[in-house]
> 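Before I ask anything, here is the structure I am working with.
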There are 2 protein chains.
Amino acid sequence: MRDRPSITDVAAHAGVSIKTVSRVVNAEASVLPATRARVDLSISELGYVPNSSARTLKSGVGDAVGVVIDTIADPFFAALVSVIETRALAEDMGVLFASTGFDEGRERDQLLRLAGQQVRGIILAPVAQDHGYLERYRASTPIVMVDRPRDTFDSVVVDDIRATRAAIDQFVRLGHTRIAFIGFDARFSTTTHRYEGYRQALAEHGIPLDHTLAPQAAAEVTDAKVATLGLFGLASPPTAIFAANPRAGIGVVDALHTTGHTGVAVISFGDFAFASVIRPAVSYIDQDPFHIGNAAIERLITLINEPGTQRKRIVLDTNLVARGSGEIRATA
Amino acid sequence: MRDRPSITDVAAHAGVSIKTVSRVVNAEASVLPATRARVDLSISELGYVPNSSARTLKSGVGDAVGVVIDTIADPFFAALVSVIETRALAEDMGVLFASTGFDEGRERDQLLRLAGQQVRGIILAPVAQDHGYLERYRASTPIVMVDRPRDTFDSVVVDDIRATRAAIDQFVRLGHTRIAFIGFDARFSTTTHRYEGYRQALAEHGIPLDHTLAPQAAAEVTDAKVATLGLFGLASPPTAIFAANPRAGIGVVDALHTTGHTGVAVISFGDFAFASVIRPAVSYIDQDPFHIGNAAIERLITLINEPGTQRKRIVLDTNLVARGSGEIRATA
DNA sequence: ATGCCCCTTGACAACGTTGTCTCATGGGCT
DNA sequence: AGCCCATGAGACAACGTTGTCAAGGGGCAT
């Protein structure tokens with residue numbers, strides 16, 4: 001099991017000093033073309049790859065950004081990570097990816113592990129409320145929060161309250177008064193905010209809040225499906241349903257199609273695969289992970305290159321995309 | 001911008017030597033409980049996190065595995081990476097993630113970058129046919145191929161030919177003779193094999209191969225949709241469609257539902273979100289990314305812990321999952 | 001011809017960590 | 001009382017790289 005060649009091996013092979021090899025590898029000036037050619041040849045003959053640990057150790061800064069999210073299996077986060085990687089690569093950085101599984105302890109472990117890896121910066125979909133323990137590392141490792149804001153950090157979010165209000169407003173304009181809210185989860189500030197938007201919109205239109213229309217803990221596909229099915233056992237079932245996240249949206253639509261209630265109006269927060277294929281196609285609030293990821297990585301790169309930049313909360317616009325299901329009128 | 005505390009700072013703070021701190025951090029024996037306690041206190045007071053670059057440099061082995069895939073935005077790969085991370089974390093390793101975007105040059109760059117990062121091992125969904133340039137690193141960095149086998153490497157795959165034959169057989173049993181194949185892409189050995197399975201099954205049943213039923217380059221959602229729409233312009237359109245991958249499946253179903261051809265039988269290679277919600281629900285060949293990912297990371301860990309293990313190709317079973325669309329009989 | 005400067009190259013230290021070796025202390029044995 | 005050994009702890013080198021400084025040589029201006 002021969003060891004990997006190091007810069008020393010290359011230097012010996014090319015008959016130069018290690019410093020010269022270093023200069024060639026880093027494309028520094030002041031190396032004679034002939035020397036450079038000789039070194040390049042040795043590099044490719046030996047299959048030399050610079051050891052990034054040694055570089056990182058010497059320079060103090062790593063060559064990767066960290067991305068910490070709930071789970072990569074969620075298409076929203078997968079898309080987020082995808083754009084982040086593309087942009088990071090353009091800056092010659094890799095992506096160290098870590099999932100929290102919604103667990104505060106694990107979030108902490110993962111963040112500290114990334115700190116130990118000397119990542120250049122971190123993009124985090126936060127779980128815990130308080131990240132005081134990160135204070136020590138912030139100076140050297142900028143952090144951008146995504147999806148859920150945290151006041152003492154930079155963040156990239158959408159205006160959940162406003163977007164939800166717009167959706168509920170549309171339902172009301174179409175004559176709906178029995179409007180359900182599926183997908184609440186107290187753990188996430190996002191769904192909490194969306195619920196707040198729902199509450200505000202109803203209040204504004206003088207529609208009394210009916211708690212049976214907003215079941216708790218229905219943020220996952222199956223829970224949302226079950227909760228939706230439950231709604232049709234009510235004396236007065238809803239004529240419109242707001243799904244607070246894409247997974248809830250899938251559950252809701254599954255329930256509606258299984259039971260033939262396809263005349264119920266539906267708007268989902270966030271698009272999902274197939275939402276456009278189903279009939280009626282599902283209207284949704286556009287919370288584009290590509291935009292969010294892009295804004296986050298751009299912000300992070302700014303913070304990396306210009307430390308001391310003023311903290312900022314970036315709020316991205318959302319659109320209500322009409323595809324049919326959200327434009328169904330209330331039946332008289 | 002104060003620097004991160006190093007082991008030296010902790011040692012000074014606790015009044016011991018750096019070696020003792022190292023012993024405490026690595027939970028080695030032969031440190032007095034009192035000393036250990038003092039060091040632990042200093043560690044938490046200073047917020048010390050061991051520098052993983054220095055560790056990696058000293059020990060020669062990193063603390064991450066590399067995962068190189070087409071794109072993380074593909075739900076199949078997202079799920080794959082998800083299980084890999086879970087298992088890696090249990091071994092105290094992180095995941096360095098890199099995408100190829102189907103580009104051979106980029107695949108090479110990414111792999112060499114990972115080699116430079118001293119990853120413990122690599123899981124790769126290969127693009128290029130030849131990875132001779134990896135020979136140098138294989139001894140120290142085991143590699144497991146997923147999804148598409150490469151003869152000189154360990155791999156974890158499913159039997160594409162057999163699985164596809166089973167699907168086509170089912171179509172034939174149900175009376176279909178006009179069977180389309182959507183989702184071919186010459187770049188991927190998977191779809192090439194699936195096409196081979198299609199060809200074999202037809203030949204076996206004495207059904208002539210009609211090239212107009214197997215359009216090229218339809219592996220993406222939109223292409224598959226367009227290709228499917230095109231099929232219905234034929235004098236004799238298909239009564240059954242095999243979608244060679246989930247994205248093609250989405251495109252096919254979209255086309256069928258848009259044009260009202262919901263009586264056409266469909267089987268998709270690989271499940272996709274919502275395939276169970278649509279009516280009829282889409283039958284599919286179960287190519288579970290969790291199983292594949294799990295087999296791959298287990299294999300990789302074995303190779304890491306027991307170098308020199310005999311090379312092996314792991315072929316996972318697939319099931320044809322009946323959900324309705326694949327069980328539609330040919331209309332007489 | 002001499003001196004100067006620039007261009008190329010190299011020697012050496014240092015980054016933070018751990019492996020190896022050494023040393024000091026103290027308890028148990030003869 | 002003296003010796004040995006086990007145990008705890010530290011000094012030092014080394015991993016591969018790059019920053020700093022120095023040195024050698026050639027060309028140009030004087």
> Side chain of A/Arg4, base of D/dG16: donor and acceptor closer than 3.5 Å?
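No pair found.
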> Let me know the distance between CD of B/Gln117 and C1' of D/dT17, rounded to the nearest Å.
15 Å
> From C-beta outward on A/Lys19, which listed nucleotide comes closest to its side chain: C/dT8, D/dG19, C/dT17?
D/dG19
> Counting the atoms with a prime plus P, OP1 and OP2 as sugar-phosphate, which does B/Val25 contact under 4.0 Å by heavy atoms, base, sugar-phosphate, or nothing?
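Nothing, no heavy atom under 4.0 Å.
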> Take the protein atom CG of A/Leu57 and the nucleotide atom P of C/dA13, then report the distance between them rounded to whole Å.
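Rounded to whole Å, this separation is 17 Å.
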> Can you work out whether B/Lys58 or A/Ile18 has the more 5'-proximal nearest nucleotide on DNA chain D?
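Upstream on the strand: B/Lys58.
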> Taking the nucleotide of DNA chain C with the nearest heavy atom to each, does B/Arg23 or B/Val49 sit closer to the 5' end?
B/Val49
> Measuring to OP1 and OP2 of D/dT18, would you say a side-chain N or O of A/Asn26 lies under 4.0 angstrom away?
yes
> Is any side-chain heavy atom of A/His131 closer than 4.5 Å to one of A/Leu124?
yes
> Can a salt bridge be assigned to the pair A/Glu104 and A/Arg108 using a cut-off of 4.0 Å between side-chain N and carboxylate O?
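Salt bridge: no.
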> Name the residue closer to the 5' end of DNA chain D, choosing between B/Leu32 and B/Ala54 according to the nucleotide with the nearest heavy atom.
B/Leu32
> Hey, are the side chains of B/Ser22 and B/Ile7 touching, using non-hydrogen atoms and a 4.5 Å cut-off?
yes
> Measure from CG on A/Asn51 to C1' on D/dT18 and round the result to the nearest Å.
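Computing the A/Asn51:CG to D/dT18:C1' distance gives 13 Å.
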> If you compare every side-chain N and O of A/Thr35 against the phosphate oxygens of C/dT9 (OP1, OP2), does one of them come in below 4.0 Å?
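The answer is yes; a side-chain N or O of A/Thr35 sits under 4.0 Å from OP1 or OP2.
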> Would you say D/dT18 has OP1 or OP2 under 4.0 Å from some side-chain N or O of A/Arg55?
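A/Arg55 to D/dT18 OP1/OP2: side-chain N or O found under 4.0 Å.
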> Once you apply a heavy-atom cut-off of 4.0 Å, does B/Val31 come out as touching a base, just sugar-phosphate, or nothing?
sugar-phosphate
> Tell me: CD of B/Glu28 to P of C/dT17, nearest whole Å?
14 Å
> Quick check on C/dA11: is either OP1 or OP2 less than 4.0 Å from any side-chain nitrogen or oxygen of A/Ser17?
no
> Check whether any side-chain nitrogen or oxygen of A/Thr20 sits under 4.0 Å from OP1 or OP2 of C/dG10, and answer yes or no.
yes
> Kindly confirm or rule out a cation-pi arrangement of A/Arg187 over A/Phe102, judged by NZ or CZ under 6.0 Å from the six-membered ring centre and within 45° of its axis?
yes
> In this structure, how many angstroms lie between the C1' atom of D/dT17 and the CD1 atom of A/Ile7, rounded?
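Distance, rounded to whole Å: 6 Å.
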> So, does A/Ser53 get its side chain near the phosphate of D/dG16, meaning an N or O under 4.0 Å from OP1 or OP2?
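For D/dG16, OP1/OP2 do not have a side-chain N/O of A/Ser53 under 4.0 Å.
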> Does A/Phe153 have A/Arg311 sitting over its ring (NZ/CZ under 6.0 Å from centre, angle to axis within 45°)?
no
